[in-house]
Amino acid sequence: MESDRITDGTFQNLSQKNMTFEQVFDAIVQFMRKEPTGNFVLMFGTDSQVFSKETKFITGIVIQQKGKGVWACFRKVIVPRRMTNLHERISYETSLTEEVVSLFTEEKIEQLINIVLPYVYKGASFTIEGHIDIGSGNRNKTSVFVNEMIARMNSLGIEAKIKPDSFVASTYANRFTKK
């Protein structure tokens, strides 16, 4: 699968390019340390767009402090062919999300939890979500994949969100697949 795609493995956002994962992690730590009494949600999600000769995948990482703002970045992967099979594309989106989630090792997650831990009694919290760009509505072509993709996210120990609650995939990442 690795040779089937084009990526430099770096992350970017509107103000920074070519960030390593360590730089991304440090930015998340800094964001959380600004106000460790907050309610934080670390979210991941991937969206894709099929073009004439390639399929572009964007995986977003978003740390949100509820009611106070976000810090976000994304990683781009290009598959140099038209990926028109919907199951293959949704499955690959989920795989790319899983890949980025796996960069957050147990030690890294523990570091993030330890930022809010002293403030839990003051209402601080930290949760992790995997956003999948699928919906369960009868008219949604992706509804047949919902249980499979949710199970994959849950197997990583993170809460799965689907449309309309999967905004990291369906809104944030989606913005960058079009460019």
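Worth saying up front: this structure is predicted, and the values here are computed from it rather than measured. When reading the values below, keep in mind they use all heavy atoms of this one structure, side chains included, and skip hydrogens, waters and symmetry mates. Each residue takes its place number in the sequence, starting with 1.
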Do side-chain atoms of [X] reach the backbone of [Y] as a donor and acceptor pair under 3.5 angstrom?
X	Y	value
Asp165	Lys161	no
Thr142	Gly135	yes
Thr55	Gln49	no
Thr105	Lys108	yes
Ser102	Glu99	yes
Arg89	Met83	yes
Ser136	Ser143	no

Identify the heavy atoms of [X] and [Y] that sit nearest to each other, and give their distance.
X	Y	value
Asn140	Ile134	ND2-C, 4.4 Å
Gly69	Phe31	O-CZ, 3.5 Å
Val168	Gly45	CG1-N, 3.5 Å
Ala124	Pro36	CB-O, 3.5 Å
Ile132	Ala160	CD1-CB, 4.1 Å

Rounded distance (nearest 0.5 Å) linking atom [atom1] of [X] with atom [atom2] of [Y]:
X	Y	atom1	atom2	value
Ile162	Ser170	CD1	OG	10.5 Å
Ile128	Glu159	CD1	CD	11.0 Å
Gln12	Arg75	CD	CZ	12.0 Å
Ser166	Met149	OG	CE	13.5 Å
Leu112	Glu107	CG	CD	12.0 Å
Ile63	Cys73	CD1	SG	11.0 Å

(request) Start with the C-alpha gap between Thr46 and Asp133, add the side-chain angles, then the distance that decides, and say whether side-chain contact (heavy atoms from CB on, under 4.5 Å) holds. (result) CA-CA 7 Å; Thr46 303; Asp133 193 28; over 6 Å; no
(request) Determine the interplanar angle of the Phe25 and Phe21 rings, folded into 0 to 90°, and report it as parallel if under 30°, tilted if 30 to 60°, perpendicular if over 60°. (result)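 Aromatic pair Phe25/Phe21 classed tilted.
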(request) Report the relative orientation of the aromatic rings in Phe167 and His131; use parallel for angles under 30°, tilted for 30 to 60°, perpendicular for over 60°. (result) perpendicular
(request) Could you tell me whether Phe40 and Phe126 have their ring centroids closer than 6.0 angstrom? (result) no
(request) Let me see the working for Lys141 and Leu86 under side-chain contact (heavy atoms from CB on, under 4.5 Å), right down to the final yes or no. (result) CA-CA 8 Å; Lys141 289 183 283 195; Leu86 191 57; 3.8 Å; yes
Is any side-chain heavy atom of [X] less than 4.5 Å from a side-chain heavy atom of [Y]?
X	Y	answer
Met43	Gln64	yes
Leu42	Phe104	yes
Asn18	Phe11	no
His87	Glu148	yes
Thr10	Thr20	no
Asp47	Glu93	yes
Trp71	Asn13	yes
Glu129	Ile158	no

(request) Would you please test Glu54 and Arg81 for side-chain contact (heavy atoms from CB on, under 4.5 Å) and show each step? (result) CA-CA 4 Å; Glu54 65 188 27; Arg81 65 182 172 86; over 6 Å; no
So for atom [atom1], which belongs to [X], do other residues, nucleotides or ligands contribute more than 12 heavy atoms lying within a distance under 6.0 Å?
X	atom1	result
Lys122	NZ	no
Asp8	CG	yes
Phe51	CZ	yes
Lys17	NZ	yes
Lys163	NZ	yes

Given the rule that I, L, V, M, F, W and Y join up when any side-chain heavy atoms are under 4.5 Å apart, are [X] and [Y] in one cluster?
X	Y	value
Met32	Val62	no
Phe57	Phe176	no
Val24	Val70	no
Ile113	Tyr119	no
Val101	Ile28	yes

(request) For the residue pair Thr59 and Thr97, confirm or rule out a side-chain donor-acceptor distance under 3.5 Å. (result)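 Distance-only check fails for Thr59 and Thr97.
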(request) For the pair Leu96 and Val77, evaluate side-chain contact (heavy atoms from CB on, under 4.5 Å) and give the outcome as yes or no after the intermediate values. (result) CA-CA 9 Å; Leu96 291 172; Val77 171; 4.2 Å; yes
(message) Taking the basic N atoms (NZ, or NE/NH1/NH2) and the acidic carboxylate oxygens, is any pair closer than 4.0 Å for Glu98 and Arg152?
(response) yes
